[in-house]
Structures are given as C-alpha cells and as structure tokens.
Amino acid sequence: MEPEEQHRMPVIGEPAPEFEALTTHGPLKLSDFRGKWVILFSHPADFTPVCTTEFMAFAAIADELARLNVQLIGLSIDSVHSHLAWVRSIKEKMGVEIPFPVIADLDMKVARRYGMIHGKEGTTATIRAVFFIDDKGILRAMIYYPASNGRSMPEILRLIKALQTTDAHGVATPANWQPGDKVVVPAPRTPAEIEKRLKEGYECKDWYLCFKQI
Ligand code: BEZ
C-alpha cells in the first residue's frame with residue numbers, strides 16, 4: 001500500500017468505502033446493511049479505560065439507535081479473541097451487554113481506508129472516529145476525537161436525528177438543534193427565489209435566514 005493510501009480520508013457525500021471484515025458476530029460486509037443507517041466507530045484498543053466507558057455508553061444508546069434504523073459497528077486493531085474477552089469482561093464486571101459487532105481489523109484494511117490511523121509511522125492504534133453512513137451507503141458525517149477523550153453519546157444521537165430530519169424534510173438544522181426545534185429552510189439562490197421566499201410565511205430574520213417548525 002502506498003503511504004498516501006494509508007491516510008486516505010473518506011469523503012462526505014461519496015459512497016462509504018465497502019469492506020468485508022471479521023467481527024465478534026462473525027464475518028460481515030458494509031453492504032449487508034443497505035437499507036439501514038450504519039454508525040461505524042473505532043476505538044484505540046481493547047481493555048483500556050476510556051474505551052470501556054465508551055463501549056458501555058454506546059451499549060446504552062443501542063436500543064434507541066435500533067429504533068432509528070441504525071446499526072452500530074465498532075472497530076479496533078485487535079483480534080476477535082481479544083474483543084470477545086473484553087466484551088465478556090464488560091458483561092461480568094460492569095454488568096453491561098455489548099449488543100453490536102466489533103470488527104477485528106488486524107490487517108488494518110478498514111482502518112486505513114477510513115483514515116482511522118493518525119500519528120507516527122508504525123502506530124496501530126485507531127483514533128476515536130465515528131462515521132455516519134446512510135441507508136443508501138453514502139457517508140454523511142464524520143467525527144474524529146483523540147485517544148485521550150471519550151465521545152459524547154448525546155451528540156451522536158443528535159447528529160443521526162439531524163441527518164434523518166434533513167432527508168425526511170429537505171431542510172437543514174441550525175447550531176445546537178435538538179429534535180422538536182425549528183429547522184432552517186435552505187437559502188434561496190436567485191433573486192426570484194428571494195422574492196418567493198419572503199412571501200412563503202416562514203419566520204425570516206432576513207431573506208437568507210428563515211426558520212420553520214416541522
Ligand atoms: C483509553 O481508552 O483509556 C485510552 C486508550 C488509548 C490511549 C489513551 C487512553
């Protein structure tokens with residue numbers, strides 16, 4: 001693999017790179033989930049403290065994600081045996097069942113293709129990445145965190161709901177949007193659209209900033 005390929009970043013709006021991988025739930029392909037949204041996330045390593053808190057936090061939102069037609073998939077560059085032993089320890093010691101598959105990416109194929117490995121040459125720990133892939137297989141959003149800081153599950157839930165709201169209603173969501181809040185109507189692009197917009201009955205601060213309740 002060429003060095004530039006090792007750090008190739010996927011691109012929002014393009015098809016999420018297909019992969020076939022071994023997981024704690026057996027082999028799977030990304031395309032097996034077409035028709036569902038997928039949240040693919042990486043963690044640095046098994047049996048580490050922040051990652052353990054994150055796994056329990058992802059498990060806590062798994063049912064809500066399932067109701068939103070979202071499949072969670074974890075990943076790190078560890079073996080299936082290590083993943084299984086860690087998941088078992090989380091169940092035994094913390095009483096939390098991990099319901100989602102975890103990819104054992106020992107050959108780093110998925111991690112490299114998704115730009116999950118940052119840092120010095122030879123590093124095998126993935127950073128804390130989250131990829132939001134829609135039901136048609138398109139990559140819609142990415143979040144990257146460093147190893148030192150755990151992710152925010154409320155933000156992950158908020159973003160998946162925002163993306164699904166965008167698809168359902170053809171709208172955008174403003175800063176700090178939460179379900180139930182007003183959404184943003186896409187800005188007009190021509191003088192005729194501006195005139196039309198001002199008569200459409202939206203709550204407009206100016207011609208380019210209009211809100212509506214859905
Ligand atoms: C952790 O999960 O605690 C962790 C993993 C890698 C580096 C730093 C922290």
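Just follow the structure's listing: the first ligand is 1, and inside any ligand the first atom is 1.
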* Protein contact to atom 9 (C) of ligand 1 [nearest heavy atom, distance to 0.1 Å] -> Ala147 O, 3.7 Å
* Asked: Under a 4.0 Å N-O cut-off, is there an ion pair linking Glu155 with Arg151?
  -> no
* To do: Please state which part of Glu54 comes within less than 4.0 Å of ligand 1, counting heavy atoms only: side chain, backbone, both or neither.
  => neither
* To do: Compute the shortest N/O to N/O distance between Pro44 and ligand 1 and return yes if it is under 3.5 Å, no if not.
  => no
* Asked: Do we see a donor-acceptor contact under 3.5 Å between the side chains of His43 and Asp46?
  -> yes
* Chi angles and distances behind the ring pair (Phe, Tyr, Trp, His ring centres under 6.0 Å) call for Phe41, Phe132 -> CA-CA 9 Å; Phe41 71 95; Phe132 297 76; over 10 Å; no
Under 3.5 Å, which donor-acceptor pairs do the side chains of residues 198-205 form with other protein atoms, sequence neighbours left out?
unit_1, atom_1, unit_2, atom_2, d
Glu200, OE1, Arg197, NE, 2.9
Glu200, OE2, Lys196, NZ, 3.3
Glu203, OE1, Lys182, NZ, 2.7

* May I ask you to decide whether Lys36 forms a salt bridge with Asp135, counting only side-chain N to carboxylate O separations under 4.0 Å? => no
* Asked: Can you check whether Arg128 has an N/O within less than 3.5 Å of an N/O in ligand 1?
  -> yes
* **Salt bridge present between Glu18 and Arg113 (N-O < 4.0 angstrom)** => no
* To do: Please could you name the atoms of ligand 1 that Cys51 approaches to less than 4.0 Å, counting only its heavy atoms?
  => 1 (C), 2 (O)
* Contact atoms of ligand 1, heavy-atom distance to Val50 under 4.0 Å -> 1 (C), 2 (O), 3 (O)
* Asked: Should the proximity of Pro49 to ligand 1, defined as any heavy atom under 4.0 Å, be assigned to the side chain, the backbone, both, or neither?
  -> both
